Each structure stands twice: as C-alpha cells, then as structure tokens.
Amino acid sequence: MAKTAKNGHRRRKPCKTLLVNFFGLPGEVLLDLPRLVMLGNNRMVVENHRGLLEYTEETVRIKTAQNGEIRVTGKGLNLLYMAREELGLAGRFLRIDLPGGEG
Amino acid sequence: MYRWLLDFYHGYLVVMAQGKRLEALLNRAAATGIYLWGIRRPAPGRLLFRVRGKDFPRLRPAFRRCGCRGKILHRSGLPFLLRRLLQNKGRWLGLAFFITAIQVLASFVWVVGVAVENGELPGEPRIREELREIGVRPGVSRGKIKKAHERILEELTIAFPEAAWIDVELRGVVVLVTMVGKTPPPAEEEGPGDIVAAKEGLVSEVIVLEGTPLVKAGDMVSRGDLLILGEKILPRREGGFISQPVRADGIVKARVWYEQKIEEPLVIWRPVRGPRERVVFSLRWRDRVFPFYRRDRISGMVLWERHTKRICRGRNQMNLVELIKDIYSEVSWMKVRVSPEEALAKARREAARELSFLLPEAAAVKNRREEWETGEDFLTYRLVVETLEDIAQLAVSTRERQEEPGEDRNRETAPEAGNGQASGI
C-alpha cells in the first residue's frame, strides 16, 4: 500500500520495489535491505549492515541502508564477529526496534 | 572447530583499543575488509577484539583516523608459536641434547634380571657371576648383547648343565635371563615284582637277570601269565632254603602272531558330476563370508569345489580378505564294479595300515602270510604276521603287600616251592 506524504499526496513506490515485489526477487540484494536471522533470543546475524552506531553491553545500534537503524536492547550483548556485510551478535535480547528507514 | 583450526593456523592477535570513537574504528575495519571477531566491551572506552596477524598492519590507519590507540595483548597461533620456538636456540639445543641423551642411554643395558624356575639350579648370585664373566652386565651396549645372543646361550648351557631351558631376552634396557631346571623323572617304584606276559605267544628264549623262571622255551603263554617269579631261593647253612622276595628282571622272547581281516566291496557307488552346476563368488573377511548373490541353488546331493584367491597381496599380509569361488555341481550316482586286483591292493594297504598300529617298534617280523578269497560282492583278505619280540612285562607283586607291615620278608620254604607254575595264572 502506498504511503501518504506530509503534503497529502500519495507517495509512489520506487520502480525497483515494484519490480522486486512483482517478480518475487530477493529484496536484500536488489534493495539493500537488511536481513536479520535470529536464533532464539540470544543470537542474531545481520546481513547488509552499514556499520555500527553504538555498541555497549546493553544497546547495539546498527546502521542499515536508506538511513535505517536496528536497535537491539538487552543484557550482556557482545559482537561475535564483524565483516564488511555481516555481523553476529550474541547476548540476551530484550527488545529489537526498527525505527526509520524505508522499504 | 574448523574456524578455530583456521585461526590457529593463520595466527591471530588479541587487541585492546582505547578511544572515544570505537564504533567508527570497527566500521572502518569492516569497510577495509578486515575480519574481526570476539569483540567485547570490557569497560567504557575500551574494546577487545581478535584480528588475524597479517591484517593488523592494515588497521593502523583506522586507529589513526578514529583517534584510538591499539595495544596487542596476546599473540596466538602457529606462526607466533613457531617464531617463538625458532627464536629460542637454547631450547632447541636442549631438545636435541635431550633426544640424543635418551637415544644414547637407551642403547645400553642397565638392568640384568635373573628368573629361576623349577628344578635344582645354583643360586642367583652364581648365575649373575657367570653372566658377568660371559659379558652380560649393566653398561654393555644392547647391540653387543644382540650380536652375541647365540654365544651367550651356548655358554650358559655349558655353564649350567642342570638347566633344561635357558632364555636371554632383551627388553629395552633390561636383559632378562630365564632358567628352568631339569625335572628329574619320577623314581621307579621300588619293591619286589614279577614278570608277566604282555601278549600271547610261544616262548623261544628266556634270559633271567633276577628271580626264578617259571617258563622255558617252547611253552605257550597267554597274556598275564607269570613268566619270572619275583623270588630268589637261597640255601641255608643249616639246610633247607630261604625264599627271598626280589624284583624280577629278564627278557622273555616269544613268537607272537597278529591277524588282520579286511572285507573289501567289489561293487561300489561312485559319484559322477552331472550337467548342472552353479558358481557362487563370495568375499571372506576374517571369519565371515559374504556371498555376492544366492539364486538358483542346486538342491540335493552336490559336489562342492572351492577355489580361493588372495586379493591385495601387498596390504593383505595376514590374509584377512580373500575371494572365494564355490562350484556346486549336481551329482548322479553310478554303480561301478571294482576289479579283484584293485580291491586286493586296497585291502592290502588297509591291512598294513591297521597292523602298523599294533606292531611294537622293537618287534622283528619273522614270517608273513596272506590269503584271500573272492566272493560275489566282497573280497575277503586275511594277513597273518609272525614276530619275535620281548613279551616280558613287570607286574608289582601283590603277595608281599598283603603281608603285615614289619613282618620279615625272608621266609623258609621247601626247595621245590619256587619251581612250579604259580597259581592264579
């Protein structure tokens, strides 16, 4: 469903999104969307990230494409590994927020 | 596990970074393509992570740009381990010295053990002294003992004739000498005894070494008959005779006859291979046989032939695996008539074989007579062999044992008492 802009006009979906939805193509590849894989509430793999914004034992904020952000709140969080496009996170996850961003 | 092995192989560093923009440092490292793992925040403003040794120099610009300081806390993995080992020459020298010392020390004999079993052998000190003289003592090289093994055994055998078995075994730095003494044969039963006939025969010669003969040449005796009585007749000064019990001894040669009768069939059923046959290949592993297929089995009586082939000879020294080919052939039975000559030859062979179990080794064959007659279905063969052999056999006298203990064995008897045939033959 198309979103409504502040001025009241309906904002149209980008052509790429339409194409992905129509053909059922992988969004994380074509639209740079982050891909989250969770193992229970204590392990998580984030693909297609754009870097870390904050890293403490209670909060980890991960930057994603299109000004998005993933905020993981929990206890004893630590980064298992970090590579160019993928990072692994462990700890006890209490909350995951996905504020901002598009797609 | 695989990851850990890979990291160990490449070598890794445990780095502590300090600064305000630690997240930026991580982002830069990731953007440069540097893989970081085990990232922890031990305290605010501090970051611990692991990075491969070869990637660390590439991290330096990131440290600089983010205003952070990095410190290597620990180096781990094979490259660092090898470097540490190679740098320390003293350790290598020590290792080489240690190995050489072990090698040199292990090439000498340090302990000589003596184990004496059974029998009457001289004491351990005497054996040790002899061994020292031969050259088996602590401090001698193992090679010397190995070379002179045969000589040591020979010299020990000469030095200790009372030993029945001697073994010199080299176990590492220990020479173990084991000696087993001779066990003397059990002492013969003492006391008076008679000579009786072991077999039925015609006495041809009597040689008396001790005792009183009861038979003479030409007498026919049966098994168990008394031949030489275990008593000696001695004259007394006062007149009369004394009968003294002795252990009878002597040789009584007699002609002994052996007879063997064999019936050999003239008509036999012989198996003949039929047209149908079945070949089964199997694989044997240890004592288990695995047939490749089992179909179309030939039922009833079969002729079975087995051929085996050892496979992979080089790696199959113990013959653990072999290929087996079994041929099962159908059998049909045919009635065959055997010629009398063939049957006679077979009967002769069989009679000779059976007789060989009966004839004693010392017996001399004096005469051999054979006769046969051919019937409708059988050939009857009879073989008679005459031998000359010693039939004397010692039998412990029971007469004396029945007497009261402590009673005087010498007794007075009439002179004619010892000459007659003993009762109870």
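Chain A is the first sequence line, chain B the second, and so forth, proteins listed ahead of strands; every chain is numbered from 1. These figures come from a predicted structure and were not determined experimentally. Quick note: numbers below take in every heavy atom, side chains included, and nothing from hydrogens, waters or symmetry partners.
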Evaluate whether atom [atom1] of [X] has more than 12 neighbouring non-hydrogen atoms of other residues, nucleotides or ligands under 6.0 angstrom away.
| X | atom1 | value |
| --- | --- | --- |
| B:R58 | CZ | yes |
| B:Y9 | OH | no |
| B:F97 | CZ | no |
| A:R35 | CZ | no |
| B:R40 | CZ | no |
| B:R65 | CZ | no |

For A:A83 and B:A30, the nearest pair of non-hydrogen atoms, with its separation, is O-CB, 3.6 Å
Find out whether [X] and [Y] are in side-chain contact, i.e. whether some heavy atom of one side chain is under 4.5 Å from a heavy atom of the other.
| X | Y | value |
| --- | --- | --- |
| B:I39 | A:Y55 | yes |
| A:M82 | B:N27 | yes |
| A:L53 | B:E23 | no |
| A:L79 | B:L26 | yes |

What part of B:I34 is in contact with chain A, defined as an atom under 4.5 angstrom from a non-hydrogen atom: side chain, backbone, both or neither?
-> backbone
N/O donor-acceptor pair under 3.5 Å between B:R41 side chain and A:T56 backbone | no
Working to the nearest 0.5 Å, report the span between CG of B:L25 and CG of A:L52.
-> 10.5 Å
